[in-house]
Undergrad: 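Let me give you the structure first, and then I'll get to my questions.
Since this is a predicted model, take the numbers as computed values, not measurements.
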Amino acid sequence: MNQTTNTILMIRPVAFRMNEQTAVNNYYQKVIDDLLPVTVNAKAQAEFDAYVEKLKAVGINVIVVEDTLNPNTPDSVFPNNWISFHENGDVVLYPMFAENRRKERREDILDIIEEKGFLVNEIMDYTSAEEDGFYLEGTGSIVLDRENEIAYCALSPRADEELFIEFCEDFEYTPVIFEAFQTVNGQRKAIYHTNVIMCIAETFAVICADCIDDKSERKSVLYKLKESGKEVILITEEQVNNFAGNMLQVRGANDERFLIMSNAAL
């Protein structure tokens with residue numbers, strides 16, 4: 001299987017703001033007191049539109065879907081938490097921690113994907129786990145080494161161990177399970193999503209090993225990355241706080257590779 005894709009799905013925000021339901025364990029969100037919600041959303045849309053143009057300019061195929069005002073879904077710009085796409089046409093739907101994020105799931109998005117010529121083969125739906133209070137938030141909770149069929153997961157309130165193992169069994173991935181932490185007001189708190197601290201590309205992996213407090217776990221994660229042939233690039237917690245772990249490698253025109261990230265990460 002290929003590690004990278006030349007097509008990405010992006011949801012254009014209409015009501016982007018801090019999400020009070022996810023802020024309980026996502027310590028990166030901040031309220032900007034002097035900005036009205038409408039101003040925040042306008043800035044988000046401007047950033048979004050500029051980024052889409054930047055990606056298209058280098059030959060990356062971007063499928064843009066407009067969000068809807070109703071229901072209210074402030075985090076809709078992160079669809080990778082509720083859906084993932086796989087090379088054989090499989091689509092996975094994931095159980096979400098925040099109730100207002102569950103409303104992001106839209107069947108019409110699959111119709112749009114098919115209209116663009118992509119195969120939707122089988123839909124694997126794990127969302128019923130929400131009823132029992134178990135969550136696994138897509139490629140936020142799971143970082144996939146698709147080529148080597150290895151899946152990495154930092155356990156958290158949004159990443160249940162048994163559900164992760166079930167996913168790995170269903171898709172024949174080798175699970176690598178660990179716990180990752182960040183310092184918040186002097187205390188070590190669980191990192192809410194694995195993809196905040198690690199990114200896997202074709203020939204390299206970026207990871208903040210300092211976030212894995214247990215030395216044996218840290219050693220086994222780094223060993224697995226090196227064993228699978230990846231050059232390991234270590235980043236610091238300060239770099240994680242600037243989203244340098246949260247990156248994605250994609251293919252552009254002439255099969256050129258790009259690593260996409262935010263300005264803060266850069």
Undergrad: Of all the heavy-atom pairs spanning Ile150 and Tyr173, show the shortest one and how long it is.
TA: N-CD2, 3.3 Å
Undergrad: Between Pro79 and Glu104, is any pair of side-chain heavy atoms under 4.5 Å apart?
TA: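 No, too far: nothing below the 4.5 Å cut-off.
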Undergrad: Could you verify whether a donor N or O on one side chain and an acceptor N or O on the other, from Tyr152 and Thr194, lie under 3.5 Å apart?
TA: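 Result is no, nothing qualifies.
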Undergrad: Begin with the C-alpha distance, continue with both residues' side-chain angles, and end with the deciding distance and a verdict on side-chain hydrogen bond (donor to acceptor under 3.5 Å, both in side chains) for Thr183 and Arg188.
TA: CA-CA 5 Å; Thr183 300; Arg188 295 297 272 172; 2.8 Å; yes
Undergrad: Would you say Phe85 and Phe78 are hydrophobically clustered, going by side-chain heavy atoms of ILVMFWY under 4.5 Å?
TA: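 Cluster IDs for Phe85 and Phe78 differ.
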Undergrad: Take atom CG in Asn263; do more than 12 heavy atoms of anything else shown fall under 6.0 Å from it?
TA: no
Undergrad: Calculate, to the nearest 0.5 Å, the distance between atoms CZ and CD1 belonging to Phe167 and Ile142 respectively.
TA: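 Separation between the atoms: 4.5 Å.
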Undergrad: Measure the shortest side-chain to side-chain distance between Asp145 and Gln3 over non-hydrogen atoms and say whether it is less than 4.5 angstrom.
TA: yes
Undergrad: Flag yes if more than 12 heavy atoms outside Glu162 fall under 6.0 Å of its CD atom; otherwise flag no.
TA: no
Undergrad: Any chance you could measure Phe97, atom CZ, to Tyr192, atom OH, to the nearest 0.5 Å?
TA: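 The OH atom of Tyr192 is 12.5 Å from CZ of Phe97, to the nearest 0.5 Å.
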Undergrad: If you draw a 6.0 Å radius around CD in Glu66, do more than 12 non-hydrogen atoms from other residues or ligands fall strictly inside?
TA: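 More than 12 within 6.0 Å, yes.
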Undergrad: Compare all side-chain heavy atoms of His193 with those of Ser156 and state whether any distance is below 4.5 angstrom.
TA: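 Contact flag for His193/Ser156 side chains = no.
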Undergrad: Which pair of heavy atoms, one from Val62 and one from Met10, lies closest together, and at what distance?
TA: CG1-SD, 3.6 Å
Undergrad: Can you tell me how far apart CZ (Arg146) and OG (Ser84) are? Round to the nearest 0.5 Å.
TA: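 Interatomic distance, Arg146 CZ to Ser84 OG, rounded to 0.5 Å: 6.5 Å.
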Undergrad: Is Gln239 atom CD crowded by more than 12 heavy atoms from other residues, nucleotides or ligands, each under 6.0 Å away?
TA: yes
Undergrad: Check this for me: Asn254, atom CG, are more than 12 non-hydrogen atoms of other residues, nucleotides or ligands nearer than 6.0 Å?
TA: no
Undergrad: Are any of the side-chain heavy atoms of Arg12 and Val52 separated by less than 4.5 Å?
TA: no
Undergrad: Give the cluster check for Met198 versus Ile212: same hydrophobic cluster or not, with ILVMFWY residues linked at side-chain heavy-atom distances below 4.5 Å.
TA: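 Yes, one cluster joins them.
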Undergrad: With a 4.5 Å heavy-atom cut-off, do Asp67 and Pro13 have their side chains touching?
TA: no
Undergrad: Go through the steps to decide whether Val232 and Leu222 satisfy the test side chain to side chain contact (heavy atoms under 4.5 Å, CB included), and finish with yes or no.
TA: CA-CA 8 Å; Val232 176; Leu222 292 173; 3.9 Å; yes
Undergrad: Can you label the angle between the Phe171 ring and the His86 ring as parallel, tilted or perpendicular, going by 30° and 60°?
TA: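 Phe171 vs His86 ring planes: parallel.
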Undergrad: Please name the residue in the list Leu9, Ile11, Ile8 that meets the side chain to side chain contact (heavy atoms under 4.5 Å, CB included) test with Ile63.
TA: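 Only match with Ile63 under side chain to side chain contact (heavy atoms under 4.5 Å, CB included): Leu9.
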Undergrad: Are Ile177 and Ile165 side-chain neighbours, meaning at least one heavy-atom pair lies under 4.5 Å?
TA: yes
Undergrad: When clusters are formed by joining ILVMFWY residues with side-chain heavy atoms under 4.5 Å apart, either directly or through shared neighbours, do Met96 and Ile83 land in the same one?
TA: yes
Undergrad: Testing Glu147, Gln249, Glu202 for side chain to side chain donor-acceptor pair (under 3.5 Å) with Thr4, which one passes?
TA: Glu202
Undergrad: Could you tell me which non-hydrogen atom of Arg218 sits nearest to which non-hydrogen atom of Asp213, and how far apart they are?
TA: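 Taking Arg218 first and Asp213 second, the nearest heavy atoms are NH2-O, 3.6 Å.
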Undergrad: Checking Asn88 side chain against Asp90 main chain: does a donor-acceptor pair fall under 3.5 Å?
TA: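 Yes: the side chain of Asn88 pairs with the backbone of Asp90.
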Undergrad: Whether the Arg251 and Thr5 side chains hold a donor-acceptor pair (N or O, under 3.5 Å, no angle test) is what I'd like checked.
TA: no
Undergrad: Using the side chain to side chain contact (heavy atoms under 4.5 Å, CB included) rule, pick out the option among Val221, Val240, Ile235 that qualifies with Ile207.
TA: Val221
Undergrad: Could you check whether any side-chain N or O of Lys230 sits under 3.5 Å from a backbone N or O of Ala201, counting only pairs where one atom can act as donor and the other as acceptor?
TA: yes
Undergrad: How far apart are the closest heavy atoms of Ala265 and Phe243, and which atoms are they?
TA: CB-O, 3.3 Å
Undergrad: Indicate yes or no: at least one non-hydrogen side-chain atom of Val196 is less than 4.5 angstrom from one of Gln182.
TA: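 No; the side chains remain at least 4.5 Å from each other.
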Undergrad: Of all heavy-atom pairs between Cys211 and Ile191, which one has the smallest distance, and what is that distance?
TA: SG-CD1, 4.4 Å
Undergrad: Please find the pair of heavy atoms, one from Leu163 and one from Ala129, that lie closest to each other, and give the distance.
TA: CD2-CB, 3.8 Å
Undergrad: In sequence, state the C-alpha distance, the side-chain angles, and the governing distance for Tyr126 and Val92, and then conclude on side chain to side chain contact (heavy atoms under 4.5 Å, CB included).
TA: CA-CA 8 Å; Tyr126 296 104; Val92 187; 3.4 Å; yes
Undergrad: So if you build clusters from Ile, Leu, Val, Met, Phe, Trp, Tyr with side-chain heavy-atom gaps below 4.5 Å, do Phe204 and Leu234 land together?
TA: yes
Undergrad: Any Lys/Arg nitrogen of Arg158 or Asp160 sitting under 4.0 Å from an Asp/Glu carboxylate oxygen of the other?
TA: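 Salt bridge flag = no for Asp160 with Arg158.
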Undergrad: Sub-3.5 Å donor-acceptor pair from the side chain of Glu87 to the main-chain atoms of Asn2, do we have one?
TA: yes
Undergrad: Quick check for you: to the nearest 0.5 Å, what is the distance between Ile200 atom CD1 and Leu248 atom CG?
TA: 11.5 Å
Undergrad: Take Val120 and Asp111 through the side chain to side chain contact (heavy atoms under 4.5 Å, CB included) test and state the conclusion after the steps.
TA: CA-CA 9 Å; Val120 174; Asp111 297 334; over 6 Å; no
Undergrad: Between CZ of Arg105 and OG1 of Thr73, what distance do you get to the nearest 0.5 Å?
TA: 12.5 Å
Undergrad: Same hydrophobic cluster for Val250 and Tyr51, using side-chain heavy-atom links shorter than 4.5 Å among ILVMFWY?
TA: yes
Undergrad: Any Lys/Arg nitrogen of Arg102 or Glu131 sitting under 4.0 Å from an Asp/Glu carboxylate oxygen of the other?
TA: no
Undergrad: Distance-only, no hydrogens or angles: does the Asn41 side chain make a donor-acceptor pair with backbone N or O of Ala15 under 3.5 Å?
TA: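 Yes, the answer is positive, given that a donor and an acceptor are paired below the 3.5 Å cut-off.
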Undergrad: Without swapping roles, check the side chain of Ser228 against the backbone of Leu225 for a donor-acceptor pair under 3.5 Å.
TA: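 Confirmed, Ser228 side chain pairs with Leu225 backbone.
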Undergrad: Would you call Glu130 and Tyr135 a side-chain contact if the rule is heavy atoms closer than 4.5 Å?
TA: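 Counting from C-beta outward, Glu130 and Tyr135 do come under 4.5 Å.
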Undergrad: Nearest 0.5 Å, what's the OG1-CG distance between Thr127 and Leu93?
TA: 6.5 Å
Undergrad: Distance alone, cut at 3.5 Å: any donor-acceptor contact between the side chains of Asp214 and Ser216?
TA: yes
Undergrad: Show your working on side chain to side chain contact (heavy atoms under 4.5 Å, CB included) between Asn195 and Asn80 and close with a plain yes or no.
TA: CA-CA 11 Å; Asn195 75 340; Asn80 68 304; 3.8 Å; yes
